[in-house]
Amino acid sequence: MNYALIALGITLIFAIMGVLNFAHGQMYVLGGFVTYYVYGVFGLNYFVALAASAVTVACVGLVFERFLFRRVLRITTREESTMLLAAGTALLLDSLGLALFGEKQRGVAPVVAGVYEIFGAFVPASRALIFVLAGGLVGALLLFIQYTRPGRALRAIAQDKETAALQGVDIDRYSALGFALGAALAGLAGGLLVTVFAVNAGAGTPISIKAFIMIMIGGAGVVSGAILGAFVLGFSEALGYFFIPGSTTYLMILVGLIVFLIFRPQGIMGKPWG
Amino acid sequence: MRLRVAAALVGLALYLVVVPFVFRESRYLLGILTTASVLSLISLGVWLTFAIGRINIGQAAFALVGGYTTAILSVKLGVSFWLCLPASGLAAALVGAVIGWPILRLKGVYFAMITLTLSEAARLAALNGGTITQGATGILNIPLPGEVTFAGVVLVPAFRALNVHLAFYYLAAILLVLGLFTVTRIASCRLGWIFRSLRQDEALAASIGVNVAKYRVLAFALGCFFAGIAGAFFTVSQQSIYPSSFGVPDSVYFMLYCFLGGLSYVSGPVVGAFVLFLGFELLHGLREYQMLTYAAIMITMMLWLPNGLLSLRLPARPGMKADA
Amino acid sequence: MIVMEVRDLTKRFGGLVAVDHVTFEANEGEVLSIIGPNGAGKSTLFKLITSFLPRTAGRVIFQGEEITGLSAHLVARKGVVRTFQETTIFKEMSALENVVIAHHLRGRATPVGLFLNTRVARQDEATFRDSADEILDYLGLSRVKHEEARHLPHGHLRALGIAIAMACDPKVLLLDEPFSGMNPEETDRMVEMVRGIRDRGVTILLVEHDMRAVMRLSDRIIVLNFGRKIADGTPREIQNDEAVIEAYIGREDDELGI
C-alpha cells in the first residue's frame, strides 16, 4: 500500500510533466527525516509530523518545478534534458540529505503498539495503521483526481497538454500542483514508513529504483498502472522473499521485468507509444 | 582545420608526455587523471548510444561484466591481463548485443528505464553469483598486469617493476586515445551518417534500406565494448572488484558527463568527464559539502549551458553531431 | 508485364478492418493510382506492402518473388520504396546529405571497410555524390542542396522526399500523397516530375486525393472504400463507375474536382 503511494507520486509527475522524477526516492527520505524530527525529536503529534513532511517535500517539489524544470522545459529541444535535470536534482537532494542529516540511520518508534491477528497472520498494529493511512491517502487522491476541478485539470493535461492549454487550463499552475502533489506523496510515504523501517540519507536511490520498477510494470503515466505496479511489486517481493531469501529475489524480479518489457514495453496498463 | 590538428597534437603532447613527466611522483594527481581518462572512455561508449538516439543508463552493467570477466579469468584461470583486456571488452559487447537486440526496439524514457534496470540487475547478478563471482566479498588480489614479450624483447614491462601509477596512467591514456580515435573515425565516415540517420528518423532509414536493427545493435555493442575494457582496467588498478563497483549512480554519472560536455561533439564525453570529475576532486576541501556543491554546479550547468560545455567555444562541426 | 501482385491483403486493428482482402496487379512501367475517400485504407495499404505494418493476412509478390513479411529494409533492398505521407526527411542534414545517405543500398563497402576508408568505401562516396547531384538537379533542388533540410519550404521538402526515394534506385515507387498541400503550379511541376520518373523505367503507385493530378497522370486507377477495392480500371472507366460515384457522393462534392 505504501508502494502505491510512491508509485502514484512518480506517476503523477510523469503524467503531468513528462519528467521521470529521479529524485523521488530522495523525497521519500526527506519526508522520513522530517517526520523523524517533528515527531521523534520534537515530540509533536504524529499526524502533524506527517503533514509537515508532506508540506516540506511539496515545497521542494514546487521549487524544483518552478525554477528548474520549467526553465529547462522551455529552452530545450531534447528529451533527455529533463531526465538529466531530474538526475541532477536527485544528486542534489541526496547530498543535501547527507550534509544535513549525516550518515546515521534514523528510526522512529511505532506510533501504535500491539499486534492484531488477521486471518491467522500476526500483523503489528503499526503496520495496520500505515496500511489504513496509506490506503486512505490513495483513495483520497483518486477521488481528488476524478471529481474535483483541479483534479480534472490534471487529468486533462496528462492526456493532452496542448488541448488542455487551448481549453484554458493554466498549464504552469497545474504543472506546479502536479509536481508538488507527487512530491508530497513521496514525502508522506517516507513519513509513514519511518515508523517501521529506519531511513538513512543513502536510501534514496534504491527507493527511486523501486518506483521506476513499479511504473515500468504498470505503465508510466497511468494512475491505474501505478497502483497495479505497486501491488505486483509488493506481491512479488513478499512471495519471493518467502521462497528465496536474500537478494536473488530481486534479481529474478528484474530479469522477469526486462523480459516482460521486451514484449510489452508500455507496461500492463500503459498507453501504446510510437 | 589545421588549427584543429595543431590543437589536437598539442593536447596529445601534454597528455602523453608533459603531464606524466611533470607529475610522475604525484600519486594522487596521476591517480585522478587516470580515473578521469577511464571514465571518459566509458562515457564515450554512452555517447555512441546517444548517437543512435537512445538514452543509456545501463553502462555500469557492462563495466561490471568487463571487470568480472577480467577478475575471473586472471584469478581463477591465471590468464594474462593483456588477454583479459580484449576478452572483457568482447564479453561486454557480446552481452550488449544479446540484450540490446530486443531492447533497442524501445525508445526514449522506456529505453532509459530498462537500461537503468540493467544496471541494478547486473549488481544483483554479481551479488548472487555464488562461487563464480563470490558474492558480496568480491574478487580480490587480482594480479597486476604482467610483462609482454615478443621474440625475447620486452615490449611492456611487468607493472610490478614500474612506477605503478605512471604505468596505469599510460595504459589509461593509450586506451582513451585509441577510443577517441575510433569514435571520431566512426562519426566522420559513412557509418556515422548511418547512425545519424537512425537517430533522426528510424522509419525513414529503414525505407532507404538501412538494416536498422543491425546498426543499432552495432552501436550499442560497441559502446558496451568500451565499458568492458574500462571495467577490466579498474579491476586491475584496484586489484579487486565488488558487485557495488559499478552501479546505478555511476551509470547516471556517465550519462551526465556526456551531456554536460556536449552531445554534439565526439570529445564531449571526454571533456565532460575530465572537467566534472576533476572538479569534484577539487572540491575535496569542502568535505561534507563537496557532493552538495557538486550537484548544485551540475544543475547550474544544465540550466545555463543546455548544450554542454563545448558549445561555449566551438560551433559544432557538421557531421560530428550526436544530438537529436 | 506484371511487376507486382497484391493478393487478399488484409489488416485488422482489433475490431476495425482497415484493409480488407485487397487484390490487384501493377504492370511494369505504369502509373497506378489508389484513390478513395478519407479513411479508406490507402496509406495503410502502402505501409503493408512495404512492411512498415505487419499484415493480418494476404500476400505481396514482387517480380515473381514473395516479399510478404520481409522486414522493411529488405523490401527496400528488393526495389520497392515508399515515400511518407508526412514529409519525412532527415531534418538536420542538408538536402545533399539526405540524398547521399539515401544511396545506402548501393553501397558496396562493409562496415569495417567504411571504418578503414578503403578504396571501395571512397569509390562509393564519389559515386553517391555524383548520383545525388544528378538527382537533385533533376528535381530542381540544386540551388538549395546545402541548406539544412528542415529549413526548406514545403514544395522543396516534397521533392526532397522523392529524391531520397529515387536514390534507392527503386523498381516500384510508392508515392504517398505527393501532391497534398500544393498549389496548381507546383502540382503541374510535380506531375511532370512523376512522369519523368516513370519514363526512367520506374513503376509508380500513387495514393492521392488531388483528382486532377490523378486523372492526368494515371494509366490505371484503383478505388478503395472502407478498406475494400470497389473499382479497378482506366481513368475514364473510373470516372463513370457507379460504385465510385456513390462512394464519393456522401462526401463533399469538390473532392471529385475533375
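Protein chains get the first letters and strands the later ones, always in sequence-line order, with residue 1 at the start of each.
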Which of B:Trp101, B:Phe62, B:Phe226 passes ring pair (Phe, Tyr, Trp, His ring centres under 6.0 Å) with B:Phe220? It is B:Phe62
May I ask you to establish whether B:Arg190 and B:Trp193 are in a cation-pi arrangement, using a distance under 6.0 Å from NZ or CZ to the six-membered ring centre and at most 45° from the ring axis? no
_Do the side chains of C:Glu134 and C:Arg200 get close enough for a salt bridge, i.e. N-O under 4.0 angstrom?_
yes
Salt bridge or not between C:Lys171 and C:Glu65? Use side-chain N to carboxylate O under 4.0 Å. no
Counting heavy-atom pairs under 4.5 Å with chain C, the top scorer among B:Leu191, B:Asn211, B:Ile194 is B:Asn211
Greatest number of non-hydrogen atom pairs under 4.5 angstrom with chain C, of B:Val212, B:Leu204, B:Asp201, falls to B:Leu204
Under 4.5 Å to a heavy atom of chain B? For C:Phe52 that would be side chain
Okay, B:Ala203 and chain C: the region with an atom under 4.5 Å from a heavy atom over there is both
